[in-house]
Amino acid sequence: MALKRGLSGVNRIRGSSGGSRSVLVLLIFFCVFAPLVFFVGRGVYIDSSNGNDYSNASVKQNLDWRERLAMQSVRSLFSKEVLDVIAASTADLGPLSLDSFKKKNLSASWREVGVDTSFRHSEQNQTTQDVKSNILNEKRDKTSKDGSHQKVETPAKIHRRQLRERRREMRANELVQHNDDTILKLENAAIERSKSVDSAVLGKYSIWRRENENDNSDSNIRLMRDQVIMARVYTGLAKLKNKNDLLQELQARLKDSQRVLAESTSDADLPRSAHEKLRAMGQVLAKAKMQLYDCKLVTGKLRAMLQTADEQVRSLKKQSTFLAQLAAKTIPNPIHCLSMRLTIDYYLLSPEKRKFPRSENLENPNLYHYALFSDNVLAASVVVNSTIMNAKDPSKHVFHLVTDKLNFGAMNMWFLLNPPGKATIHVENVDEFKWLNSSYCPVLRQLESAAMREYYFKADHPTSGSSNLKYRNPKYLSMLNHLRFYLPEVYPKLNKILFLDDDIIVQKDLTPLWEVNLNGKVNGAVETCGESFHRFDKYLNFSNPHIARNFNPNACGWAYGMNMFDLKEWKKRDITGIYHKWQNMNENRTLWKLGTLPPGLITFYGLTHPLNKSWHVLGLGYNPSIDRKDIENAAVVHYNGNMKPWLELAMSKYRPYWTKYIKFDHPYLRRCNLHE
């Protein structure tokens, strides 16, 4: 109140013109400068005292009250320019200003350090924050040196620590919230991306949308399948949450949809009531979504369903592999019928009519000779027909066919009825090669062992799964498959011969192959290795020291099916002897599985000349993604794999390349119901 009276007195004195100048000076001193000095000193004193009984809140309240009164007095006495000068001068005090002490709440130990002069000098080169950092460092250094100061937890320090803890907690909560927001943004972005997916691939349908913009002809079938999936999800959630009424409704609609799907494979097969069932199921799913939808539960249920479906797929793949191997081993009834009819008619012929013309060409080394070993009459006919049709001069081509005793009559009869134009052909029976016996051939000797018979013929063998069924194919037991390692013995007077499998077709003239320089190698073949597949380590057991010592696991593999063999070099290098050596070492199948490619890779290791890939394109019996241009530009197309072109499981897009060399109007083919 005294201050107020003083201030009002000042106003009255300023209004009157007869006041004394000395009185005015005294009033200004006591009303302005004295309170300022007092407040600064009082603030420093209060803040520096550690044992006072006043709380921080009351101190701040008193300071704020006095500061407001002082500022009112200053504004009433001085002009704006003077106030700006005062404010600038107080701001120059930096960390020792009243505002600095009030806001930063500095402890007493800071002020015990005599640094007033150094602060003012350093303020010219550093910011206020740098000065504070220096003070902190000086305080720590001094405290550590003398050790005389004892740390006391003041209320200000406790308050600051609590504030820091609150800030950490708030920051942690912000990070958690930020993480949740990020996940939500990612989910929303994924949803937006899914809306822009090409409808030509996946279709524009959704079980939650009323608008159905799918252009697919079977969109209703797809939608119904999606509804079935979500109905299964909500059925599990309804059981979990004891929603019995909703559960019964979902199960009823699920049975209706499953019944429709069991009888329909396309929209054209759907009954008239399908749209009503779709609508009813959609309504039930919408109801279930409102009552049961929980993102975590739905995600977990879908994940469990996905794992179950994955296990089912693996099981079905095993079954499919087994059935594919089984189908690959069988002979279709029409081909069996053809073989039987031809065999009967052949043995009804007189011996004079069973001979082929131009037998003098069989040992002429100046002609183009082919070796073809097969027990499939129709397949062998396609190989011969395709080669002759694409040859520039068929009269210079000689075909050496070898088959087994069962198909010998049929093979002869077919080519007697359908001679290959001016080309020469000869059919032999492998069982009539008396030199090919168990004492000479390791494979025949091994087939006579009890262990090999058990491996092949015991159905309940522990390794008789689908993964090993491939190696139980009867072709691995047939000497027709291993006869390729005895070409010089079968054709002793020939210099070169082109070996062909019976699952190939020829699309170009092959005579340029006889002009290819093999550079002293024995085998000319197309390599099949890519970046990491079809290399030696895929076919051979490199854990065996014999294999590891002699071969490079990264060596490039090559393909049988079309191979040019130099029989002169073969004899010089004793290729058959090399084959016998390794075949004897593999009696227990520790070096490789059964088959002819692994021993071929070993036997011709370092003796194979790579041919241009356009000579031989492989994979039409298992690979659905071969480039059409590669097929059409190839000289030889190979249906290696289980999907042979004469089987029902053949890939339809590759079959026409093979069937165009068959005359389906042939009387024998018609009688055996052989058609395209």
Over all heavy atoms of both residues, which pair between [X] and [Y] is shortest? Give the atoms and the distance, please.
{"X": "Val377", "Y": "Ala410", "result": "CG2-CB, 3.7 Å"}
{"X": "Ala380", "Y": "Met411", "result": "CB-SD, 3.8 Å"}
{"X": "Lys496", "Y": "His369", "result": "O-CB, 4.2 Å"}
{"X": "Tyr622", "Y": "Asn640", "result": "CD2-O, 3.2 Å"}
{"X": "Trp615", "Y": "Pro512", "result": "CH2-CB, 3.8 Å"}
{"X": "Val398", "Y": "Leu367", "result": "CG2-CD1, 3.8 Å"}

Centre-to-centre under 6.0 Å for [X] and [Y], is that the case here?
{"X": "Phe565", "Y": "Phe604", "value": "yes"}
{"X": "Tyr491", "Y": "His400", "value": "yes"}
{"X": "Tyr440", "Y": "His580", "value": "yes"}

Do the side chains of [Y] and [X] get nearer than 4.5 Å, heavy atoms only?
{"X": "His482", "Y": "Cys441", "value": "no"}
{"X": "Ile497", "Y": "Phe499", "value": "no"}
{"X": "Ile575", "Y": "Tyr579", "value": "no"}
{"X": "Leu261", "Y": "Ile221", "value": "yes"}
{"X": "Ile547", "Y": "Phe536", "value": "no"}
{"X": "Met340", "Y": "His336", "value": "yes"}
{"X": "Met562", "Y": "Val506", "value": "no"}
{"X": "Val430", "Y": "Phe373", "value": "no"}

**OP:** Verify ring-ring contact (aromatic ring centres under 6.0 Å, His included) between Tyr605 and Phe551, making sure each step is shown before the conclusion.
**Re:** CA-CA 8 Å; Tyr605 183 66; Phe551 304 100; 4.9 Å; yes
For the pair [X] (side chain) and [Y] (backbone), establish whether a donor and an acceptor sit closer than 3.5 Å, ignoring hydrogens and angles.
{"X": "Asn361", "Y": "Thr424", "result": "no"}
{"X": "Asn586", "Y": "Trp592", "result": "yes"}
{"X": "Arg358", "Y": "Ala423", "result": "yes"}
{"X": "Tyr654", "Y": "Asn623", "result": "yes"}
{"X": "Asn563", "Y": "Gly561", "result": "yes"}
{"X": "Arg354", "Y": "Asn412", "result": "no"}
{"X": "Asp267", "Y": "Ser219", "result": "yes"}
{"X": "Thr387", "Y": "Val383", "result": "yes"}
{"X": "Gln446", "Y": "Gln583", "result": "yes"}
{"X": "Lys493", "Y": "Pro365", "result": "no"}

**OP:** Check step by step if side-chain contact (heavy atoms from CB on, under 4.5 Å) holds for Trp582 and Asn550.
**Re:** CA-CA 11 Å; Trp582 287 100; Asn550 292 280; 3.9 Å; yes
How long is the straight-line distance from [atom2] of [Y] back to [atom1] of [X], given to the nearest 0.5 Å?
{"X": "Met564", "Y": "Leu567", "atom1": "CE", "atom2": "CG", "value": "9.5 Å"}
{"X": "Arg670", "Y": "Asp665", "atom1": "CZ", "atom2": "CG", "value": "6.5 Å"}
{"X": "Asn519", "Y": "His609", "atom1": "CG", "atom2": "NE2", "value": "5.5 Å"}
{"X": "Ile425", "Y": "Phe415", "atom1": "CD1", "atom2": "CZ", "value": "4.0 Å"}
{"X": "Asp404", "Y": "Leu480", "atom1": "CG", "atom2": "CG", "value": "5.5 Å"}
{"X": "Thr608", "Y": "Asn523", "atom1": "OG1", "atom2": "CG", "value": "4.0 Å"}

Original post:
What do the steps show when you test Leu607 against Glu569 for side-chain contact (heavy atoms from CB on, under 4.5 Å), and what is the final call?
Top reply: CA-CA 10 Å; Leu607 300 174; Glu569 287 293 329; over 6 Å; no
Atom [atom1] of [X]: over 12 foreign heavy atoms under 6.0 Å:
{"X": "Asn333", "atom1": "CG", "value": "no"}
{"X": "Lys613", "atom1": "NZ", "value": "yes"}
{"X": "Lys653", "atom1": "NZ", "value": "yes"}
{"X": "Lys508", "atom1": "NZ", "value": "yes"}
{"X": "Glu360", "atom1": "CD", "value": "yes"}
{"X": "Lys571", "atom1": "NZ", "value": "yes"}

Is it the case that [X] and [Y] place a side-chain donor and acceptor less than 3.5 Å from each other?
{"X": "Asn407", "Y": "Ser339", "answer": "yes"}
{"X": "Ser374", "Y": "Asn376", "answer": "no"}
{"X": "Trp658", "Y": "Ser386", "answer": "no"}
{"X": "Asp269", "Y": "Thr265", "answer": "yes"}

Original post:
Does the cation-pi check pass for Arg484 over Tyr560, that is, NZ or CZ under 6.0 Å from the six-membered ring centre and within 45° of its axis?
Top reply: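 Verdict for Tyr560: a cation-pi partner in Arg484.
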Original post:
For the residue pair His397 and Phe399, does the interplanar ring angle fall in the parallel (under 30°), tilted (30 to 60°) or perpendicular (over 60°) class?
Top reply: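 Judged by the thresholds at 30° and 60°, the geometry between His397 and Phe399 is parallel.
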Original post:
Parallel, tilted or perpendicular: which describes the rings of Phe433 and Trp435, with under 30° parallel and over 60° perpendicular?
Top reply: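 Geometry flag for Trp435 against Phe433: parallel rings.
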**OP:** Assess whether ring-ring contact (aromatic ring centres under 6.0 Å, His included) is satisfied between Trp646 and Tyr661, documenting all intermediate values.
**Re:** CA-CA 12 Å; Trp646 55 84; Tyr661 295 105; over 10 Å; no
**OP:** Go through the steps to decide whether Asp310 and Arg314 satisfy the test salt bridge (Lys or Arg N to Asp or Glu O under 4.0 Å), and finish with yes or no.
**Re:** CA-CA 6 Å; Asp310 187 54; Arg314 283 198 294 267; 2.4 Å; yes
Original post:
Is there a side-chain contact (heavy atoms from CB on, under 4.5 Å) between Phe485 and Val443 once you walk through the steps?
Top reply: CA-CA 11 Å; Phe485 293 104; Val443 171; over 6 Å; no
Original post:
Checking ring-ring contact (aromatic ring centres under 6.0 Å, His included) for the pair His616/Trp558: CA distance, chi angles, key distance, verdict?
Top reply: CA-CA 11 Å; His616 187 188; Trp558 45 268; over 10 Å; no
**OP:** Show your reasoning for whether side-chain contact (heavy atoms from CB on, under 4.5 Å) applies to Tyr368 and Leu513.
**Re:** CA-CA 10 Å; Tyr368 305 115; Leu513 281 171; over 6 Å; no
